[in-house]
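Sending over a structure as structure tokens; questions will come in a sec.
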Amino acid sequence: MKQELEQLKQAFSQALEVIESSDALEALRIEYLGRKGKLTDLLKGLKDLSPDDRKEIGAFANEVKIDLEAQFARKQSELASLFAGKIAQEEWIDITAPGIEPEDGNLHLTTQSIEEIADIFTQLGFVRVRHPEVEWDWYAFESLNMPKDHAARDEWETFFIADGDKIMEGKKGKVVLTPHTTNGQVREIEKGQLPIRMMNINKCYRRQADVTHAPMFHQFEGLMIDKNVTIAQLKGVFDFFVKRFFGPDREVRLRPHHFRFTEPSFELDISCNLCGGIGKVDGKKCRMCKQGWLELGGAGMVHPNVIKAGGLDPEVYTGFAFGWGVERTFMMKSGMNIADIRILYKNDLRFLKQF
Ligand code: DAH
């Protein structure tokens with residue numbers, strides 16, 4: 001039996017030698033040292049030995065068992081460090097290497113300006129809203145005192161939405177892409193929440209594409225309606241905006257004009273920053289403005305018909321409105337001279353990254 005134990009020990013050592021995985025090692029342990037393993041099996045024979053032999057062989061068997069367990073433990077730690085070494089090699093990273101920095105994006109020039117503009121008017125209590133870009137003829141024109149087929153509409157070269165060859169019509173007229181943010185006025189009045197201090201900033205669309213016109217552009221529209229609203233307040237709001245957006249030395253001017261949806265109507269001008277509003281630089285005509293002023297946008301006292309179209313009584317309520325282009329406004333601020341305005345919307349990163 002002693003011999004058998006010796007053989008067992010040898011066989012175990014030999015088998016251990018070729019083992020390369022912890023699964024195989026565990027299988028070997030079960031085979032030899034497990035409850036139903038080879039050693040247990042062998043020791044079953046002890047009971048048939050004489051008491052002296054049993055004592056001697058028993059002690060020897062114990063030594064063998066301890067020896068196998070020690071061999072097993074050694075192999076186990078050997079495999080573990082081998083495995084750790086392999087992982088360390090395969091998954092090695094240099095934690096001191098500089099990271100890959102994701103590229104920072106930036107807001108589009110137009111978005112930056114919209115935020116700046118909205119921020120200034122918010123300080124005066126105007127609330128930013130957005131009215132539809134896809135609009136009915138009624139809100140874009142008719143309710144603004146521009147009846148069907150009126151010649152004034154020609155100025156707003158409008159895109160109509162067609163289904164096949166047929167221009168679509170809804171419950172408030174033909175469906176258009178709004179050519180100006182003035183479409184928000186009657187929609188806002190209809191909400192019936194007074195006083196109104198609206199700032200509608202949105203995309204507008206016109207059938208114009210050349211170096212100074214993009215078919216899609218942005219406007220912002222201010223509307224204030226309450227009792228006793230005056231032109232003086234319009235001028236005050238305009239002045240507040242201009243001084244904050246363009247700088248404290250810029251002056252404002254209201255120049256008579258004509259719009260169908262305001263009465264009286266004005267063009268809003270700001271003093272030129274190149275000549276300081278004089279119209280001359282070093283005795284010569286200012287090349288930027290020629291006469292001291294730059295035109296920014298349109299404004300006026302809301303026409304009674306517009307107030308009526310929104311469901312209010314123009315005898316009780318009055319208001320002012322203004323609207324102008326976002327792109328024009330930020331280009332005037334920076335003095336930026338873009339050869340073709342359409343570059344703004346061509347997604348050319350070389351251009352956009354500059355702002
Ligand atoms: N909607 C006009 C345009 O697109 C601009 C405008 C003029 C807006 C006068 C107004 C206004 O609110 O009162 O040219």
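Nothing here was measured: the structure is a model prediction, and the numbers come from that model. Just follow the structure's listing: the first ligand is 1, and inside any ligand the first atom is 1.
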Q: Answer yes or no for K38 and Y32: cation-pi contact, defined as NZ/CZ to six-membered ring centre under 6.0 Å and angle to ring axis within 45°.
A: yes
Q) Is the closest side-chain donor-acceptor distance between D210 and T212 under 3.5 Å? A) yes
(Q) Do S22 and Q76 pair up side chain to side chain, a donor and an acceptor below 3.5 Å, judged on atom types alone? (A) no
Q. Would R244 count as a cation-pi partner of F240, with NZ or CZ less than 6.0 Å from the six-membered ring centre and within 45° of the ring normal?
A. yes
Q: Would you kindly check if the NZ (Lys) or CZ (Arg) of R187 is within the cone defined by 45 degrees around the ring axis of Y139 and under 6.0 Å from the six-membered ring centre?
A: yes
**Q.** Side chains of T182 and E221, donor plus acceptor under 3.5 Å
**A.** yes
Q: Please list, by chain and number, the protein residues whose heavy atoms come under 4.0 Å of ligand 1.
A: W156, H180, T182, Q185, R206, Q219, E221, F259, F261, T262, G298, A299, G300, A321, F322, G323
